[in-house]
Chemist: 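Got a structure for you, questions after.
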Amino acid sequence: MTPPDIPPLARHVAIIMDGNGRWAKKRLLPRFAGHKAGVETVRKIARAAREMGLEALTLYAFSSENWKRPAEEVSDLMGLLKHFIQADIDEFDANNVRLKIIGHYQALAPELVKLLDEAVARTAGNTGSTLAVALNYGAQDELVRAAQAAAAAGDISTEAIEAHLYTAGMPPLDLIIRTSGEQRLSNFLLWQAAYAELYFTDILWPDFTPKHLEKALEEFAHRNRRYGGL
Ligand code: FPP
C-alpha cells in the first residue's frame, strides 16, 4: 500500500463501521456473515491506516447500546472480537502498534477482559501508532465518568475532563468517518468530535477499502478548519 499523493494531514481518524447487516442482507446471508466480512475490513483498514502514516485509528466495534441486539448476535460479535485479537496481536506488536481499548470493556466476559488486558499490556510500549477499539463504549457515559473523576480531584475544567477521557494521551481527533449512509454520531466520541471533520459515505463497511480511506483523507486535507476563528 503506497501512501496517498498528499501528506496525511490527519493524525487521528475514527470510524463508525456501519452496514454489516445490510451487506449480508443484500447477499441473502445471515448477519454473522456481514460481521465476519466486517472484521476482514478492519484488518485491511488498520494496516492501510498504519502504512498511510496515521498516528491513531479509533474503531467503534461495540457500543453500550449494542447489548439491545439479540443475544446470538452479541455473542457472535464477541466471538469475532476474541478471534481478531488472538489472530492479529502478533502483527500489531511486530509493527510497533499500541492496542488500546476505550469504553467500559470490563463489563465484557471475564475471559475476554483478560485477553484484552494482556494484549494491551503486551503492546503498551509500542510507539509507531495506536489502534483504539471502542468496546461497550458510549460517549455520554464516558463524559459522566470523566466529570466525576475531575470533580473528585476538585478541578472541573476543560483540561481536567479531557485528561479523564478514555482517549487521554491520543492525538486530537481530526476526522470521523461513518459508512453506510447514516449521518449521525450515535454517542461516539462526542467531546472529541468538537472540532473533528465529519465524512459520510454510502459504502457499506465490508465494502470499504483502503482506496475509500485514501479518498476520505484527501477530502480532509482540503477542508478548511478554522476552529471557530476566521
Ligand atoms: C454495524 O453494522 C456494525 C457493528 C455494530 C459492529 C462492528 C463490528 C465489526 C466490524 C466486527 C468486530 C470488530 C472488531 C474490531 C473485531 P450493523 O450490524 O449495524 O449493520 P446494519 O446497520 O446494516 O444492520
Side-chain angles (χ1 to χ4, degrees), residues 1-29 31-63 66 77 80-81 84 87-88 91-92 95 97 99-100 102 128-135 137 167 170-190 192-193 195-225:
M1 182 79 224
T2 48
D5 295 340
I6 49 107
L9 296 175
R11 299 174 64 197
H12 182 181
V13 173
I15 308 184
I16 302 176
M17 312 181 286
D18 200 3
N20 295 347
R22 276 161 285 167
W23 183 92
K25 195 170 179 193
K26 267 185 19 187
R27 288 163 179 76
L28 306 176
L29 292 169
R31 291 178 62 80
F32 176 71
H35 293 315
K36 197 157 177 276
V39 177
E40 285 314 311
T41 303
V42 167
R43 285 204 168 92
K44 289 181 199 145
I45 295 301
R47 206 170 283 149
R50 189 171 76 227
E51 289 169 4
M52 288 175 193
L54 289 183
E55 287 173 50
L57 177 69
T58 298
L59 300 175
Y60 206 3
F62 193 86
S63 80
N66 284 153
L77 284 167
L80 286 170
L81 173 72
F84 170 73
D88 286 44
E91 177 179 334
F92 294 143
N95 285 287
V97 176
L99 179 73
K100 192 173 164 74
I102 66 167
S129 63
T130 300
L131 174 67
V133 180
L135 292 173
Y137 174 89
T167 50
M170 292 178 77
L173 182 61
D174 292 309
L175 176 66
I176 298 184
I177 298 172
R178 182 169 190 152
T179 58
S180 92
E182 312 289 348
Q183 303 199 358
R184 56 178 172 271
L185 291 180
S186 299
N187 203 15
F188 189 45
L189 302 177
L190 297 182
Q192 297 85 340
Y195 288 104
E197 295 292 326
L198 307 180
Y199 181 91
F200 301 106
T201 169
D202 287 340
I203 306 285
L204 303 175
W205 176 248
D207 291 329
F208 191 82
T209 64
K211 275 271 166 232
H212 295 116
L213 175 63
E214 204 175 296
K215 191 163 165 254
L217 290 174
E218 273 168 13
E219 175 162 332
F220 171 82
H222 293 107
R223 298 258 180 111
N224 181 6
R225 300 178 89 199

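When reading the values below, keep in mind they use all heavy atoms of this one structure, side chains included, and skip hydrogens, waters and symmetry mates.
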Chemist: Are side-chain heavy atoms of Tyr60 and Leu189 found at a separation under 4.5 Å?
Modeler: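 Side chain of Tyr60 against side chain of Leu189, heavy atoms only: no contact under 4.5 Å found.
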Chemist: Closest heavy-atom contact between Pro206 and Thr41?
Modeler: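 Shortest heavy-atom separation between Pro206 and Thr41 comes out as O-OG1, 3.1 Å.
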Chemist: Taking the side chain as C-beta and beyond, is there a heavy-atom pair between Leu9 and Asp174 under 4.5 Å?
Modeler: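 No. Closest side-chain heavy atoms not under 4.5 Å.
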Chemist: What are the two closest non-hydrogen atoms of Leu80 and His35, and how far apart are they?
Modeler: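 The pair with the smallest heavy-atom distance is CD1-CB, 3.5 Å.
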Chemist: My understanding is that only residues two or more places apart in sequence, or in another chain, count here; which of them pass salt bridge (Lys or Arg N to Asp or Glu O under 4.0 Å) with Arg43?
Modeler: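 Once residues adjacent in sequence are excluded, the partners of Arg43 under the salt bridge (Lys or Arg N to Asp or Glu O under 4.0 Å) criterion are Glu40, Asp88.
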Chemist: Check each of Gln192, His12, Lys100 against Thr58 using the side-chain hydrogen bond (donor to acceptor under 3.5 Å, both in side chains) test, and report the only one that passes.
Modeler: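 Answer to the side-chain hydrogen bond (donor to acceptor under 3.5 Å, both in side chains) test with Thr58 among Gln192, His12, Lys100: His12.
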Chemist: Looking only at heavy atoms, which two atoms of Ile177 and Ala216 are closest? And how far apart?
Modeler: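 Reported closest heavy-atom pair: CD1-CB, 3.7 Å.
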Chemist: So, do Phe62 and Leu81 sit near enough that their side-chain heavy atoms are less than 4.5 Å apart?
Modeler: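 No, side chains not in contact.
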Chemist: Got Arg178 and Arg184 here, is their nearest side-chain heavy-atom distance under 4.5 Å?
Modeler: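 The answer is yes; the side chains approach within 4.5 Å.
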Chemist: Under a 3.5 Å distance rule, please check whether Arg22 uses its side chain to pair with a backbone N or O of Ser180 as donor and acceptor.
Modeler: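 Yes, the answer is positive, given that a donor and an acceptor are paired below the 3.5 Å cut-off.
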Chemist: Any salt bridge linking Lys215 with Glu219? Criterion: basic side-chain nitrogen under 4.0 Å from a carboxylate oxygen.
Modeler: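 Looking at Glu219 together with Lys215, the answer is no, because their closest N to O distance does not fall below 4.0 Å.
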Chemist: Please report the closest heavy-atom contact between Ile45 and Pro210, naming both atoms and the distance.
Modeler: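 It is CD1-N, 3.6 Å.
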Chemist: Of Val42, Leu54, Leu57, which meets side chain to side chain contact (heavy atoms under 4.5 Å, CB included) against Leu131?
Modeler: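 Among Val42, Leu54, Leu57, the one meeting side chain to side chain contact (heavy atoms under 4.5 Å, CB included) with Leu131 is Leu57.
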Chemist: Once you round to the nearest 0.5 Å, how far does CZ of Phe188 lie from CG of Leu59?
Modeler: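 It comes to 7.5 Å.
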Chemist: Determine, stepwise, if the pair Val13 / Leu217 fulfils side chain to side chain contact (heavy atoms under 4.5 Å, CB included).
Modeler: CA-CA 9 Å; Val13 173; Leu217 290 174; 3.9 Å; yes
Chemist: Check whether any side-chain heavy atom of Ile16 lies under 4.5 Å from a side-chain heavy atom of Glu182, and answer yes or no.
Modeler: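 SC-SC contact between Ile16 and Glu182 ruled out.
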Chemist: Considering non-hydrogen atoms only, spot the tightest contact between Leu135 and Ala61 and give its length.
Modeler: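 Nearest pair, atom of Leu135 first, then Ala61: CD2-CB, 3.9 Å.
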Chemist: Minimum heavy-atom separation for Trp23 to Asp207, with atom names?
Modeler: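 Taking every non-hydrogen atom into account, NE1-OD1, 2.9 Å.
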Chemist: Answer yes or no: is there a donor N or O on one side and an acceptor on the other, between the side chain of Thr179 and the main chain of Leu204, under 3.5 Å?
Modeler: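 Between the backbone of Leu204 and the side chain of Thr179 there is no qualifying donor-acceptor contact (under 3.5 Å).
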Chemist: Enter the distance from His212:NE2 to Asp202:CG here, rounded to the nearest 0.5 Å.
Modeler: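 Between His212 NE2 and Asp202 CG, I get 10.5 Å after rounding to 0.5 Å.
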Chemist: Take the angle between the ring planes of Phe84 and Phe92 and call it parallel below 30°, perpendicular above 60°, tilted in between.
Modeler: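 Taking Phe92 first and then Phe84, their aromatic rings stand perpendicular (interplane angle over 60°).
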Chemist: Would you give the length of the straight line joining atom CD1 of Ile15 to atom CG of Leu175, rounded to the nearest 0.5 angstrom?
Modeler: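 Separation between the atoms: 8.5 Å.
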Chemist: Do Ile176 and Leu185 come within less than 4.5 Å of each other through their side chains, counting heavy atoms only?
Modeler: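 Yes - at least one pair of side-chain heavy atoms lies under 4.5 Å apart.
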